[in-house]
Asks: 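Questions regarding the structure given below will be posed in turn.
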Amino acid sequence: MDVKDVQQALELKIFGGEKGLSREVTNGYVSDLLSDVMGNAREGMAWITLQTHLNVMAIASLKDLAAVILVNGNRPEEDMLEKANEEDIPVLGTNLSTFEIAGKLYQLINS
């Protein structure tokens with residue numbers, strides 16, 4: 001399933017990185033600790049976080065993640081969006097909590 005499928009199924013807002021909507025989503029990863037994501041996330045994962053700054057995109061790019069999903073109605077900072085567009089990594093958003101969106105993503109991927 002690609003990022004666009006996930007975005008539509010979970011009714012996620014697209015903030016940036018639209019050119020990457022065809023990236024394949026293989027799994028999800030949930031963490032707000034950048035070093036944790038750097039050490040444990042794998043290529044193709046959708047990263048669920050509340051972090052909204054530029055360093056998120058540096059990690060997403062380094063790990064070749066499929067997308068970043070922001071929770072709790074958080075909006076990305078401008079420099080984060082610029083990097084998302086440069087790297088073609090979608091930044092999506094939801095008003096749902098981390099717990100809720102992680103459960104929905106898990107069900108979607110494993111259905």
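No hydrogens, no waters, no symmetry mates; every other heavy atom, side chains included, goes into these values.
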Asks: So which pairs with a foot in residues 83-103 pass side-chain hydrogen bond (donor to acceptor under 3.5 Å, both in side chains), sequence neighbours left out?
Replies: S61-E87, K83-E87, S97-E100
Asks: Do L96 and L10 touch side chain to side chain, with heavy atoms closer than 4.5 Å?
Replies: no
Asks: Show me the donor-acceptor pairs within less than 3.5 Å that the side chains of residues 103-111 make with the rest of the protein, sequence neighbours left out.
Replies:
| from | atom 1 | to | atom 2 | distance (Å) |
| --- | --- | --- | --- | --- |
| N110 | ND2 | Y106 | O | 3.0 |
| S111 | OG | Q107 | O | 3.4 |
| S111 | OG | L108 | O | 3.0 |

Asks: Which atom names give the shortest non-hydrogen contact between G93 and F15, and what distance separates them?
Replies: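 Heavy atoms only, the tightest pair is CA-CE1, 3.5 Å.
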Asks: Check for me, please, whether L21 and M80 land in the same ILVMFWY cluster - side-chain distances under 4.5 Å, paths through other members count.
Replies: no
Asks: Quick one: pull up CD in E78 and CG in L54 and give me the separation to the nearest 0.5 Å.
Replies: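 Going from the CD atom of E78 to the CG atom of L54 covers 11.5 Å.
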Asks: Establish whether M57 and I14 are linked, either directly or via other cluster members, by ILVMFWY side-chain heavy-atom contacts under 4.5 Å.
Replies: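 Looking at the clustering, I14 is in a separate group from M57.
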Asks: How close do A46 and V25 get, heavy atom to heavy atom, and via which atoms?
Replies: CB-CG1, 4.2 Å
Asks: Minimum heavy-atom separation for L65 and I89, please, with both atom names.
Replies: O-CG2, 4.0 Å
Asks: Taking all non-hydrogen atoms of both residues into account, name the closest pair between G17 and P90 and its distance.
Replies: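 Result for this residue pair: O-CG, 3.4 Å.
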Asks: With sequence neighbours excluded, what pairs up with K4 under the side-chain hydrogen bond (donor to acceptor under 3.5 Å, both in side chains) test?
Replies: Q7
Asks: Can you list every pair that meets side-chain hydrogen bond (donor to acceptor under 3.5 Å, both in side chains) and has a residue in residues 33-53, with sequence neighbours left out?
Replies: Y29-D36, S31-D36, D32-T49, D36-N40, Q51-H53
Asks: Side chains of residues 68-75: which donor-acceptor pairs under 3.5 Å do they make with residues two or more places apart or in other chains?
Replies:
| from | atom 1 | to | atom 2 | distance (Å) |
| --- | --- | --- | --- | --- |
| N74 | ND2 | V71 | O | 3.0 |

Asks: What pairs meet the side-chain hydrogen bond (donor to acceptor under 3.5 Å, both in side chains) rule with one or both residues in residues 18-27, with sequence neighbours excluded?
Replies: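 Residue pairs with at least one partner in residues 18-27: R23-D64.
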Asks: Linking I/L/V/M/F/W/Y whenever any side-chain heavy atoms sit under 4.5 Å apart, do L12 and M45 land together?
Replies: no
Asks: So do V91 and V56 actually touch side chain to side chain, heavy atoms under 4.5 Å?
Replies: no
Asks: Should I101 and L50 be regarded as members of a common hydrophobic cluster, given that ILVMFWY residues are connected when their side-chain heavy atoms come within less than 4.5 Å of each other, either directly or indirectly?
Replies: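 As far as the 4.5 Å side-chain criterion goes, L50 and I101 are connected within one cluster.
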